[in-house]
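Working notes, structure below.
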Amino acid sequence: EIRTTYGRRSASALSLLQYLFQHPTLSIDEAATACALSIKAAGDLVRRMQESEILTEITKQSRNRLFCFERYLALFR
């Protein structure tokens with residue numbers, strides 16, 4: 001899905017996906033560091049991954065939000 005629908009962001013999205021298997025909960029700052037992106041680019045990527053239902057926002061805040069890779073964590077329940 002990522003390779004076919006994310007266009008020029010697919011490399012960053014795949015990199016973030018690999019990171020999520022080790023760190024299933026992350027902030028936008030962590031996503032930026034993990035993918036070597038700016039905060040804005042990381043925020044856009046995280047938002048896109050939310051739209052694809054890969055990530056879920058878990059804090060319900062407007063700042064310091066955390067996102068979770070629910071599909072992966074559900075495998076361990």
Side-chain angles (χ1 to χ4, degrees):
E1 174 186 347
I2 289 174
R3 285 190 180 111
T4 59
T5 62
Y6 278 67
R8 63 184 173 90
R9 291 189 184 134
S10 64
S12 296
L14 288 170
S15 177
L16 184 56
L17 183 63
Q18 288 300 315
Y19 180 81
L20 287 168
F21 284 109
Q22 295 292 319
H23 308 277
T25 302
L26 79 159
S27 66
I28 291 177
D29 289 340
E30 291 170 320
T33 301
C35 297
L37 297 170
S38 68
I39 296 297
K40 174 159 180 8
D44 292 345
L45 179 59
V46 167
R47 183 173 36 259
R48 179 72 173 92
M49 292 183 95
Q50 278 184 278
E51 291 168 0
S52 298
E53 298 179 355
I54 295 170
L55 289 174
T56 304
E57 197 266 318
I58 59 174
T59 55
K60 309 295 185 222
Q61 299 176 6
S62 60
R63 297 181 144 235
N64 302 319
R65 295 176 299 160
L66 291 176
F67 302 87
C68 184
F69 187 19
E70 277 291 327
R71 289 183 191 178
Y72 180 63
L73 292 178
L75 297 172
F76 300 99
R77 293 186 188 141

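Keep in mind it's a predicted model, so treat the numbers as computed, not measured. Numbers here simply count residues along the sequence, with the first being 1.
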Where [X] and [Y] come nearest, the two heavy atoms and their spacing:
X     : Y     : value
Phe67 : Glu57 : CE2-CG, 3.5 Å
Ser38 : Ala41 : OG-N, 3.1 Å
Thr59 : Arg65 : OG1-CA, 3.2 Å
Arg71 : Glu53 : NE-O, 3.2 Å

Can you measure from SG (Cys68) to CG (Leu73) and round to the nearest 0.5 angstrom? 4.5 Å

Measuring from Arg47:CZ to Ile28:CD1, what's the distance to the nearest 0.5 Å?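 One finds 7.5 Å between CZ of Arg47 and CD1 of Ile28.
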
Pairwise side-chain contact, His23 with Phe69, heavy-atom cut-off 4.5 Å (strictly under):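 SC-SC contact between His23 and Phe69 ruled out.
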
Can you say whether the rings of Phe76 and Tyr72 are parallel (under 30°), tilted (30 to 60°) or perpendicular (over 60°)? perpendicular

Side-chain donor-acceptor contacts of residues 9-17 below 3.5 Å, not counting sequence neighbours, with atom names and distances?
from: Ser10; atom 1: OG; to: Gly7; atom 2: O; distance (Å): 3.0

Check step by step if side chain to side chain contact (heavy atoms under 4.5 Å, CB included) holds for Leu55 and Val46. CA-CA 7 Å; Leu55 289 174; Val46 167; 4.0 Å; yes

Do side-chain atoms of Glu30 reach the backbone of Ser27 as a donor and acceptor pair under 3.5 angstrom?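 Yes.
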
With a 4.5 Å cut-off on side-chain heavy-atom distances among I, L, V, M, F, W and Y, is there a chain of contacts connecting Leu37 to Leu66?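 Leu37 does not cluster with Leu66.
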
Path from Phe21 to Ile58 over hydrophobic side-chain contacts below 4.5 Å: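 No: no chain of side-chain contacts under 4.5 Å links Phe21 to Ile58.
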
Begin from the C-alpha positions of Asp44 and Arg48 and carry the test salt bridge (Lys or Arg N to Asp or Glu O under 4.0 Å) through to its verdict. CA-CA 6 Å; Asp44 292 345; Arg48 179 72 173 92; over 6 Å; no

